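All values derive from a computational prediction rather than experimental measurement.
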Amino acid sequence: MKLIHWVAGMACAVSMAGAAQANPLQQAIDGEHRTAKYAARDEYRHPAETLEFFQVKPDMAVVEIWPGGGWYTEILAPALKDEGTFYAAHFPKDTQVGYFKRSREAFEKRMAENKDMYGAVKLTEFAPGGDSEIAPAGSADAVLTFRNVHNWMGGNNEQAAFKTFYKALKPGGVLGVVEHRAKPGTSREDMKKSGYVTQDYVIELAKNAGFELEETSEINANPKDTANHPKGVWTLPPSLRLGDEDKDKYLAIGESDRMTLRFRKPKS
């Protein structure tokens, strides 16, 4: 009888290990293709837990907003290429902003140099307040944005951004938001300067666009972060805007305290 239980237990363990190994998202997170300095940030960004919280599955149509250098693209593109669809809604191609232009060109170059990994990526664009199409209307299962809301506040386009996300999603689709978290009561002006946004304000933006708040998570919380630094959130790693000044102090804090929010577009 003990032998039977042992065999059954081993079979279960092998089955579970096989399931984990077959998970395309986890395979992408563990993959050797990832940039070493990107993978080193997993301890702060928790990609496996975050994407699980956003209910991302390999057969979904997923839009990533402003993928920048491709931190999450390294995970999402290979995970979705066989069964799903991945839209990288990058900076506009005709942008006159130098940083946006360089970032998009570098992203395009990277996609072109590794067709096996990124050949299925659908490169679209996102200009908050504009009429760009991040994905065909009502086609996306999930829209994901990582640490971007503060960027749109500078041009007073944050509400328009959330309306664009709503338009792209299917009824019942998910909007996943990760953002640097300001202390409650922080003024709009201080949010714009610091890069930290209050959780209440992000929730307000989503609700005004028609979303329902489904769940919040502390996956990406960092209690060491006071959200009060000389150069705002950019004082902390990975930016370290102060250079060597108090560098050890900010490295000890780590990356910013972040909210992680899941919203749902109503089914009706």
Q.
Let's go through K109 and E105 carefully: what are the C-alpha distance in whole Å and the side-chain angles of both, what is the deciding distance for salt bridge (charged side-chain N to carboxylate O under 4.0 Å, His left out) to 0.1 Å, and is it a yes or a no?
A. CA-CA 6 Å; K109 183 174 183 288; E105 288 175 351; over 6 Å; no
Exercise: do [X] and [Y] side chains pair donor with acceptor under 3.5 Å:
X: Q26; Y: D30; value: yes
X: T260; Y: E218; value: no
X: H33; Y: E74; value: no
X: S239; Y: R241; value: no

Is [X] reaching over with its side chain to a backbone N or O of [Y], donor-acceptor style, under 3.5 angstrom?
X: N222; Y: D257; value: no
X: T164; Y: A160; value: yes
X: S194; Y: G232; value: no
X: R34; Y: I29; value: yes

So, taking the atom named [atom1] in [X] and the one named [atom2] in [Y], what distance separates them when rounded to the nearest 0.5 Å?
X: I203; Y: T216; atom1: CD1; atom2: OG1; result: 7.0 Å
X: S139; Y: E133; atom1: OG; atom2: CD; result: 7.5 Å
X: I75; Y: D42; atom1: CD1; atom2: CG; result: 6.0 Å
X: T186; Y: D200; atom1: OG1; atom2: CG; result: 10.5 Å
X: T85; Y: D59; atom1: OG1; atom2: CG; result: 9.5 Å
X: K224; Y: K249; atom1: NZ; atom2: NZ; result: 14.0 Å

**Q.** N220/R147 under side-chain hydrogen bond (donor to acceptor under 3.5 Å, both in side chains): CA gap, chis, key distance, verdict
**A.** CA-CA 11 Å; N220 296 299; R147 308 172 312 282; over 6 Å; no
Q. In terms of side-chain geometry, is the basic nitrogen of E255 or R45 positioned less than 4.0 Å from the acidic oxygen of its partner?
A. yes
Q | Salt-bridge present (E125, R104; N to O < 4.0 Å) | A | yes
Ring-plane angle category for [X] and [Y], please: parallel below 30°, perpendicular beyond 60°, tilted otherwise.
X: W71; Y: Y38; value: tilted
X: F107; Y: H90; value: tilted
X: F146; Y: F54; value: tilted

**Q.** Output field: ring centroids F126/F165 closer than 6.0 Å
**A.**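 Yes, the ring centres sit under 6.0 Å apart.
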Q: Might you work through the ring-ring contact (aromatic ring centres under 6.0 Å, His included) test for Y250 and W234, ending with a clear yes or no?
A: CA-CA 10 Å; Y250 297 120; W234 304 280; over 10 Å; no
Q. Taking the six-membered ring of Y196 as reference, does the NZ or CZ atom of K183 fall below 6.0 Å from its centre and within a 45° cone about the axis?
A. no
Q. Within 45° of the six-membered ring axis of F211 and under 6.0 Å from that ring's centre, is NZ or CZ of R264 located there?
A. no
Q.
What verdict does the side chain to side chain contact (heavy atoms under 4.5 Å, CB included) test give for V174 and V143, after you've listed the backbone C-alpha separation in whole Å, the side-chain angles of each residue and the deciding distance to 0.1 Å?
A. CA-CA 6 Å; V174 166; V143 172; over 6 Å; no
Q: Quickly, which of V202, L205, V197 forms a side chain to side chain contact (heavy atoms under 4.5 Å, CB included) with V177? Name it, please.
A: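 The option that passes is V202.
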Considering all heavy atoms, the nearest [X]-[Y] contact:
X: E64; Y: L76; result: OE1-CD1, 4.1 Å
X: A135; Y: V63; result: CB-CG2, 3.8 Å
X: K37; Y: R41; result: O-CG, 3.6 Å
X: V97; Y: T95; result: N-OG1, 3.1 Å
X: L242; Y: K231; result: CD2-CG, 3.7 Å
X: R181; Y: A221; result: NH2-CB, 3.5 Å

Q: Decide yes or no on side chain to side chain contact (heavy atoms under 4.5 Å, CB included) for L144 and I65, but give the supporting numbers first.
A: CA-CA 6 Å; L144 310 178; I65 303 298; over 6 Å; no
Q.
Against W66, only a single residue in Y99, Y87, F91 fulfils ring pair (Phe, Tyr, Trp, His ring centres under 6.0 Å); can you say which?
A.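 So, applying the ring pair (Phe, Tyr, Trp, His ring centres under 6.0 Å) to W66 and each of Y99, Y87, F91, only F91 qualifies.
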Q: Step through the shown structure and confirm whether more than 12 heavy atoms of other residues, nucleotides or ligands are within 6.0 Å of NZ on K170.
A: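 Yes, NZ of K170 has more than 12 neighbouring heavy atoms, counting only those of other groups under 6.0 Å.
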Q.
For K192, I'd like to know if atom NZ has over 12 heavy atoms of other residues, nucleotides or ligands within 6.0 Å.
A.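 Count over threshold, so yes.
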Q) When R262 is tested against each of E212, E215, E52 for salt bridge (charged side-chain N to carboxylate O under 4.0 Å, His left out), which residue passes? A) E215
Q. Do you reckon L169 sits in the same ILVMFWY cluster as I134, going by side-chain contacts under 4.5 Å, direct or chained?
A. yes
Q. Can M117 be reached from V56 by stepping across I, L, V, M, F, W or Y side chains whose heavy atoms are under 4.5 Å apart?
A. yes
(Q) H46 vs V178, test: side chain to side chain contact (heavy atoms under 4.5 Å, CB included). Steps then yes/no. (A) CA-CA 11 Å; H46 311 100; V178 176; over 6 Å; no
Q: Could you walk me through whether E158 and R188 pass the salt bridge (charged side-chain N to carboxylate O under 4.0 Å, His left out) test, one step at a time?
A: CA-CA 12 Å; E158 65 270 28; R188 176 182 177 80; 2.5 Å; yes
(Q) Exactly one of Q199, H150, R258 should register a side-chain hydrogen bond (donor to acceptor under 3.5 Å, both in side chains) with E179. Which one does? (A) H150
